[in-house]
Amino acid sequence: MGLITNMRSRMQVVMWTILVLFVTSMAIGGLVGGASITDIFGGRQGNEVGSLNGKPILFEDFNQLVSNEINRLDQQSGRLISDEEREYIRAVVWERLIADLIVQEQIEKNKIVVGDEEVLFQMKNNPPPFLQNSDAFQSFGRFDLEKYLDAVLNPSQIDWKPIEDFMQNVYLPSYKLQQYVSNAAAITSNDVLEDYKKRFLNYKVEILHVTEKAIDQDFYNGLLADRPSDDELRNLYNENISDYDQPELRYLKYVKWPIMSNATDTLRVKLEAEDLIFRLNEGEDFALLANTYTEDPSNSADPQNLKGGSLGWFNKGQLLPEFEIASFEAEKGSIVGPILTEYGYHVIKVNDKRTVDSNEQVNASHILLTIQPGRGTENELKDTASIFALEATEYGFFALADSLGLEIQDSNGLRKESIFVDNFGVGRSAVNFAFNNVEGSTSDAIKNDNFFGVFFLDKVSKETVISFEEVKEDLKNEFLSDFKKNHIKTLAESIKDNYKGEMDLSAIFQNNENLEYVAEANSALIGSFESIGKSNFIVGALANAKEGDIIGPLPTLRGQAFLKVIDIADVVVSDFEEKKDAIRFSLLIDRQNAIWGNWLQALRDNADLKDYRYDFY
């Protein structure tokens, strides 16, 4: 009974966790200073970044959600988010927001309401993950139920009103909706048994694998004589003509200046390291300074347990030569540095020394200061790029670049929603420039994490359909690939037709050693069999097979396979009894997730969704 109770408890936690992916980051962000889900999905007018079923999504609200998420990740990671990560966050926030708005729409449509008593019950008996993970309710890195309940039952300690409103108006209605949708999930005893068999029973099989090696190349080449013809390729092209729709494309040329540190930056970081050494010599704690200033990512691998710069014990030959020489030559207890390596400047404290099996070892801690371009360096590069942009309008982009010896780069064909520019990286500003200007225009200086660049709009290609000639080679490769797969399938079927009685896979292999043969392969169905690897077709066939059966041909990644079932392990009743509740729970959660996800996707597919993000970013 205790196990079942535990399973039910775990299911509640999982359901909350699933739900939090859709609503917590959005709605909590709104409650603490941005717009709530209801506000975003309102009928207000303004700068619309999109709309769902005719209801606007305002740029200001969406941008606030993106900023909240970026700030959260900045604080969590202890570093600035890169341009690429920023674009990814913007995409994820959009997808979550659309899911949230669809859910909110369905809550209203189904008239789902939550009473005060329901809120109190859930907060007391099933605190959701975003509260369990709050620092206010943690003790020794874990959720402290006693501390949490004390705060709930003595509300004067915390202002619960925003959280109660969120629980009542967003979180719990969404949870009830998900339960309503997912309750269709059901797991039978046979489902549990079959999943146990796939996971834990060993299948011993004999394998005959028909692959590309079995093809008679002379015969095959004869079949392909004068093929594929242009008519065959054109038919293939016409059958899939919608695949070749090409939106408007913009082509850029550009020059760039890499954002790299210089001698001034090196000197600046060295002075910062010398200042830390001065503070250490004045008696400040090394571990505290390391946790505050070091840029060694391993120091904060566990944010709850910073290492204080400790590297532990090491032998000669384990670390960078400059670092090792300084560490091994220094006296125990001494502060050494600044030591320059390829990673930056190190301030080293030699904690201890010892000899183990004639090998000298050092225990040391360090503070790493990486050499990054400073504001002054970036400003100089920006000035250089800005001057180039101004002079390019007067002297011409190409003439000026040539006179300065700058290499002119070509971009790929850019779509309005493109994020990356070839050999430049993230370049949404460049894309916006391209789609808001005419051919021959020159941009201002544009910056990403790695470069400053100035762009020239070289060509505009209007929306069109990619011509047959442009994709002819791709069509030919597609035809040949499909032809080979079908030929291998025909070979396998001919083998089966030639052996009307019981097939002897070993004998067939003896007559054609270009086939692949495995006398005995062992694996659970969720695993991989020798030669054929993994195949859902084979898993499905074996799950319904019995000892002595010969099945096939079945498609694999490399061809077609025949299998003879030599042995199937018996179900160990005691092991099954031990595992069946966990299997049932896992299957139920997977099925609930699938039902919920498919339901949301169907609503999205049928929604009137407008996306104008690329007009703003």
Side-chain angles (χ1 to χ4, degrees), residues 203-241 243-244 466 468-545 548-567:
Y203 281 71
K204 183 186 296 184
V205 297
E206 182 183 8
I207 297 170
L208 185 69
H209 198 186
V210 185
T211 68
E212 184 178 346
K213 292 188 296 184
I215 295 175
D216 181 324
Q217 287 298 325
D218 290 337
F219 178 72
Y220 183 73
N221 292 337
L223 292 175
L224 277 176
D226 301 321
R227 300 184 68 189
S229 67
D230 277 2
D231 286 343
E232 287 175 314
L233 294 181
R234 194 170 289 279
N235 287 338
L236 188 59
Y237 173 80
N238 290 330
E239 287 170 6
N240 301 281
I241 191 68
D243 293 344
Y244 305 111
I466 302 174
F468 170 74
E469 292 300 328
E470 289 180 87
V471 296
K472 184 176 178 179
E473 195 63 31
D474 292 334
L475 291 168
K476 181 178 179 180
N477 292 334
E478 180 183 346
F479 177 93
L480 293 175
S481 175
D482 290 342
F483 190 89
K484 181 176 291 184
K485 288 178 183 177
N486 290 330
H487 184 68
I488 292 173
K489 183 179 180 180
T490 300
L491 287 177
E493 289 172 343
S494 68
I495 290 174
K496 185 175 182 178
D497 291 341
N498 290 335
Y499 292 86
K500 296 297 185 182
E502 182 176 338
M503 296 177 68
D504 184 336
L505 302 187
S506 176
I508 295 171
F509 170 68
Q510 295 300 323
N511 292 327
N512 188 349
E513 294 191 356
N514 287 324
L515 303 175
E516 292 184 11
Y517 176 73
V518 181
E520 186 178 299
N522 292 274
S523 177
L525 294 186
I526 63 170
S528 175
F529 288 98
E530 185 179 348
S531 178
I532 58 179
K534 292 186 177 183
S535 166
N536 289 333
F537 295 100
I538 288 171
V539 169
L542 286 177
N544 295 298
D549 284 354
I550 296 178
I551 57 178
L554 296 168
T556 70
L557 287 175
R558 297 192 298 124
Q560 299 278 324
F562 295 93
L563 293 90
K564 180 176 181 179
V565 181
I566 300 172
D567 179 65

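When reading the values below, keep in mind they use all heavy atoms of this one structure, side chains included, and skip hydrogens, waters and symmetry mates.
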For Glu232 against Arg227, the heavy-atom pair lying closest together: OE2-NH2, 2.7 Å
statement: Output for pair (Glu470 CD, Leu475 CG), nearest 0.5 Å, gives 11.5 Å
- request: Of all the heavy-atom pairs spanning Tyr237 and Ile466, show the shortest one and how long it is.
  value: OH-O, 2.6 Å
query: Considering only heavy atoms from C-beta outward, does the side chain of Lys489 approach that of Pro553 to under 4.5 Å?
result: no
- line: Between Gly552 and Lys496, the two heavy atoms sitting closest are O-NZ, 3.3 Å
Working for side chain to side chain contact (heavy atoms under 4.5 Å, CB included), residues Leu491 and Gln560: CA-CA 9 Å; Leu491 287 177; Gln560 299 278 324; over 6 Å; no
- line: In short, Ala519 meets Ile566 closest at the heavy-atom pair O-CD1, 3.7 Å
message: Restricting to non-hydrogen atoms, name the atom on Asn514 and the atom on Lys213 that form the minimum distance, rounded to 0.1 Å.
response: CB-O, 3.4 Å
query: Would one find more than 12 heavy atoms of other residues, nucleotides or ligands at under 6.0 Å from atom CD of Glu212?
result: no
- request: Take Ile538 and Val205, measure what side chain to side chain contact (heavy atoms under 4.5 Å, CB included) needs, and give me the verdict at the end.
  value: CA-CA 11 Å; Ile538 288 171; Val205 297; over 6 Å; no
task: Can you sort out the partners of Glu520 under side chain to side chain donor-acceptor pair (under 3.5 Å), two or more places apart, ordered by chain and number?
output: none
- prompt: If only atom types and distance count, is the side chain of Ser481 paired as donor or acceptor with the main-chain N or O of Asn477 below 3.5 Å?
  reply: no
message: Could you report the tightest heavy-atom contact between Pro555 and Phe537, atom names first, then the distance?
response: CG-CD1, 3.4 Å
task: Begin from the C-alpha positions of Glu206 and Tyr517 and carry the test side chain to side chain contact (heavy atoms under 4.5 Å, CB included) through to its verdict.
output: CA-CA 8 Å; Glu206 182 183 8; Tyr517 176 73; 2.5 Å; yes
query: Hey, is the main chain of Ser528 close enough, under 3.5 Å, to the side chain of Ser523 for a donor-acceptor pair?
result: yes
task: For ring pair (Phe, Tyr, Trp, His ring centres under 6.0 Å), just list the numbers for Phe483 and Tyr220, CA-CA rounded to whole Å, side-chain angles, deciding distance to a tenth of an Å, and then say yes or no.
output: CA-CA 10 Å; Phe483 190 89; Tyr220 183 73; 5.7 Å; yes
Option from Leu505, Val518, Leu208, Ile532 for which side chain to side chain contact (heavy atoms under 4.5 Å, CB included) with Leu563 holds: Ile532
statement: Interatomic distance, CZ@Phe529 vs CG@Leu542, rounded to 0.5 Å, equals 5.5 Å
field: Over 12 non-hydrogen atoms of neighbours within 6.0 angstrom of CG in Asn536
entry: no
Approximate separation, where rounding is to 0.5 Å, of Phe468 CZ and Ile241 CD1: 10.5 Å
- request: Could you tell me the separation between the CG atom of Asn235 and the CG atom of Asn240, rounded to the nearest 0.5 Å?
  value: 11.0 Å
task: Indicate yes or no: at least one non-hydrogen side-chain atom of Asp230 is less than 4.5 angstrom from one of Lys472.
output: yes
query: To the nearest 0.5 Å, what is the distance between OG (Ser531) and CZ (Arg558)?
result: 5.0 Å
- prompt: Which residues satisfy the salt bridge (charged side-chain N to carboxylate O under 4.0 Å, His left out) test with Arg234, sequence neighbours excluded?
  reply: none
message: If I take atom CD1 from residue Ile551 and atom CZ from residue Phe562, how far apart are they, to the nearest 0.5 angstrom?
response: 11.0 Å
